[in-house]
Every structure is written in structure tokens, then in C-alpha cells.
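Each remark here refers to the structure printed beneath this line.
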Amino acid sequence: MSYFAIFNLTTMATIKICISKPGTLSEYFIQTDNIITYKNNGLSFSDCDPIELIIEGKLNSEDVKFFHKLCGRGKSVSETHKQCIKILNLSKATLIADDNSYFTTSDYYHHEAHYKTKPFTVTSYMFAYLNVQEVVLPYDIIAIESNAFFRSSITSIIFPETIKLLHQESLANCQIETLSINAETINQKSFSCCTHLREIKIGKNVKHINGAFNNNKSLIKVELLLFFI
């Protein structure tokens with residue numbers, strides 16, 4: 001498996017955390033209104049001095065809720081906080097099943113839906129509203145559910161080679177700008193309303209695309225890597 005990204009590390013600090021027990025991410029930080037401090041070395045960061053955060057180990061819903069706080073997620077776009085983390089690197093993290101939820105939605109009739117972590121899956125609203133520039137997904141992710149990146153400000157998503165399925169509207173309504181995807185199945189409206197999406201590279205493993213594009217007004221380039229037998 002391979003991840004490729006170029007960062008200017010001379011101007012951005014990096015914090016790497018190896019979680020020994022799921023649900024304990026919050027224990028590594030002290031957070032005030034404007035400043036976040038990493039307890040292990042006293043490094044503080046804020047929107048004026050954002051960092052790359054690398055998280056390794058097993059993560060559950062409690063950890064997801066906390067990195068929502070670290071990455072400035074509000075309940076709506078207008079409530080999104082300033083960007084303190086520029087790159088969220090989860091390449092060596094794994095998501096586990098959890099009975100607790102990290103996100104709740106409610107419809108017009110006040111029917112609630114609760115979203116929880118589960119293995120090998122970026123579940124719905126996991127990265128919703130996050131104010132971060134780039135996310136590197138866990139190395140073992142197979143599927144991405146609907147609205148996983150709903151209204152996030154993420155401009156770059158690094159997918160693992162294991163990815164097989166994009167559910168309907170999986171990347172809808174986010175600010176992704178360029179994308180390289182090699183999932184076997186890309187379902188309807190996967191990239192719907194990604195109005196900042198300029199370029200997309202579709203890998204040779206892609207076997208099925210069903211109406212994935214809708215309202216992509218900035219799209220200028222689609223590259224197909226075809227595989228012939």
C-alpha cells in the first residue's frame with residue numbers, strides 16, 4: 001500500500017500519538033477556547049500555528065468525537081471553528097465497532113439517527129463539518145458511507161489501496177479539489193455538489209460508476225486509468 005503527499009514540514013509542527021486504549025484520545029490534550037496543548041511535550045497550537053496530527057492505534061466513537069473538537073467541527077458551517085489542525089493523518093489507525101455514537105441527526109419529525117464507528121468503514125458524518133485541509137484515511141478502509149464528508153472544508157483526501165466501495169453521496173457536499181480514487185464501485189451522486197472539485201483520477205480497479213457526478217461546476221479534468229485484458 002502507498003500514500004503519496006508532499007508537505008512543507010519546515011513551517012508546520014507534527015504531533016504523533018499512538019493510542020494504547022480506544023476512547024482515550026482526549027487524555028493527550030488540554031484544550032481552551034483558542035489554544036490546544038499536547039501534554040507529552042507541552043507543544044501548543046492554534047489557528048495561527050496549525051499542525052499535522054498523526055493518530056495511530058484503535059479508535060472508537062469517543063475518539064472520533066474528540067478529533068471533531070480538535071478539527072474545529074461545529075453543528076453547522078456557520079459554527080465551524082478556526083483551523084488548528086491542517087493535516088489529520090489516520091493512515092496507521094484502525095476503526096473498531098462501538099455501541100456509542102459520535103454524531104446524531106434529527107429529521108423534521110424529530111426522528112433521530114445515531115452514527116457509530118465500525119471496522120473497515122468511514123461511516124456517515126465521520127468527517128462532517130471538519131475544518132482541516134487534508135485527511136489521510138486508515139490503511140484498511142474498504143467502504144465510505146453516505147455523507148461521510150458532509151460540508152467539511154477538506155480539500156484533499158488520501159485513500160488507501162484497500163478501498164472498494166463509495167456509497168451513494170459518500171463525498172457529497174464537501175470542498176474536495178483534486179481526487180484520486182481506485183474503488184471497485186462508485187455509486188450514484190458520490191461526488192454530488194462537490195463544487196470545488198477540479199480534477200479526478202479514476203484508477204484501473206474501478207469497475208462500476210453509476211451517476212457519480214452532479215453539480216460539479218469546477219470540474220475540468222477526468223483521467224481514466226483503463227485496464228485491458
Are the side chain of [X] and the backbone of [Y] linked by a donor-acceptor contact shorter than 3.5 Å?
X      : Y      : value
Thr24  : Glu27  : no
Asn205 : Gly203 : no
Thr185 : Leu165 : no
Asp63  : Asn60  : yes
Glu145 : Ser124 : yes
Ser61  : Asn100 : yes
Thr155 : Gln133 : yes

Worksheet item: Distance from Leu130 atom CG to Gln83 atom CD, nearest 0.5 Å?
Response: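 Atom-to-atom, Leu130:CG and Gln83:CD are 10.0 Å apart.
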
Item to complete: Give, for atom CG of Asn216 and atom OG of Ser192, the distance between the pair rounded to the nearest 0.5 Å.
Response: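 If we round to the nearest 0.5 Å, Asn216:CG and Ser192:OG are 7.0 Å apart.
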
Compare all side-chain heavy atoms of [X] with those of [Y] and state whether any distance is below 4.5 angstrom.
X      : Y      : result
Asn210 : His208 : yes
Thr121 : Met126 : no
Val132 : Ile87  : no

Identify all side-chain donor-acceptor contacts of residues 166-175 below 3.5 Å with residues at least two apart in sequence or on another chain.
residue, atom, partner, partner atom, Å
Ser170, OG, His167, O, 3.1

Restricting to non-hydrogen atoms, name the atom on [X] and the atom on [Y] that form the minimum distance, rounded to 0.1 Å.
X      : Y      : answer
Ser218 : Thr195 : OG-O, 2.6 Å
Ile96  : Lys58  : CG2-CB, 4.0 Å
Pro50  : Cys48  : CD-C, 3.6 Å
Pro138 : Ala93  : CB-O, 3.1 Å
Leu90  : Phe127 : CD1-CZ, 4.0 Å
Ile209 : Val206 : CG1-CG1, 3.6 Å

Worksheet item: Relative to each other, are the rings of Phe150 and Tyr125 parallel, tilted or perpendicular (30° and 60° limits)?
Response: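 Answer is perpendicular, since the angle exceeds 60°.
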
Discussion item. Counting only heavy atoms not in Lys39 (residues, nucleotides, ligands), do more than 12 fall under 6.0 Å from its NZ?
Written reply: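 Yes, NZ of Lys39 has more than 12 neighbouring heavy atoms, counting only those of other groups under 6.0 Å.
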
Worksheet item: Hey, are Asp140 and Thr162 close enough side-chain-wise for a donor-acceptor pair under 3.5 Å?
Response: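 Result is no, nothing qualifies.
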
Worksheet item: Is there a donor in the side chain of Thr123 and an acceptor in the side chain of Tyr102, or the other way round, less than 3.5 Å apart?
Response: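 Yes.
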
Discussion item. Holding to side chain to side chain donor-acceptor pair (under 3.5 Å), I want the full list of residues that pass it with Glu112, two or more places apart in sequence or in another chain.
Written reply: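 For Glu112, the residues satisfying side chain to side chain donor-acceptor pair (under 3.5 Å) (neighbours in sequence not counted) are His114.
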
Discussion item. The criterion is side chain to side chain donor-acceptor pair (under 3.5 Å); which residues satisfy it with Thr37, sequence neighbours excluded?
Written reply: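 Checked Thr37 against side chain to side chain donor-acceptor pair (under 3.5 Å); matches are Ser44.
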
Practice prompt. Among residues two or more places apart or on two chains, list those pairs meeting salt bridge (Lys or Arg N to Asp or Glu O under 4.0 Å) that have a residue in residues 85-107.
Written response: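 For residues 85-107: none.
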
Discussion item. Tell me which pairs pass ring-ring contact (aromatic ring centres under 6.0 Å, His included) where either residue lies in residues 31-64, with sequence neighbours left out.
Written reply: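 Qualifying pairs, neighbours excluded: Phe29-Tyr38.
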
Discussion item. Just to verify, which of Val135, Ile141, Val136, Ile144 counts as forming a side-chain contact (heavy atoms from CB on, under 4.5 Å) with Phe159?
Written reply: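 Among Val135, Ile141, Val136, Ile144, the one meeting side-chain contact (heavy atoms from CB on, under 4.5 Å) with Phe159 is Ile144.
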
Discussion item. Could you work out, with ring-ring contact (aromatic ring centres under 6.0 Å, His included) as the rule, every residue matching Phe213, not counting sequence neighbours?
Written reply: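 Counting only residues at least two positions away or on another chain, Phe213 forms a ring-ring contact (aromatic ring centres under 6.0 Å, His included) with Phe191.
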
Discussion item. Side chain to side chain contact (heavy atoms under 4.5 Å, CB included) for Ile200 and Leu219? Distances and angles first, verdict last.
Written reply: CA-CA 8 Å; Ile200 183 167; Leu219 188 62; 4.2 Å; yes

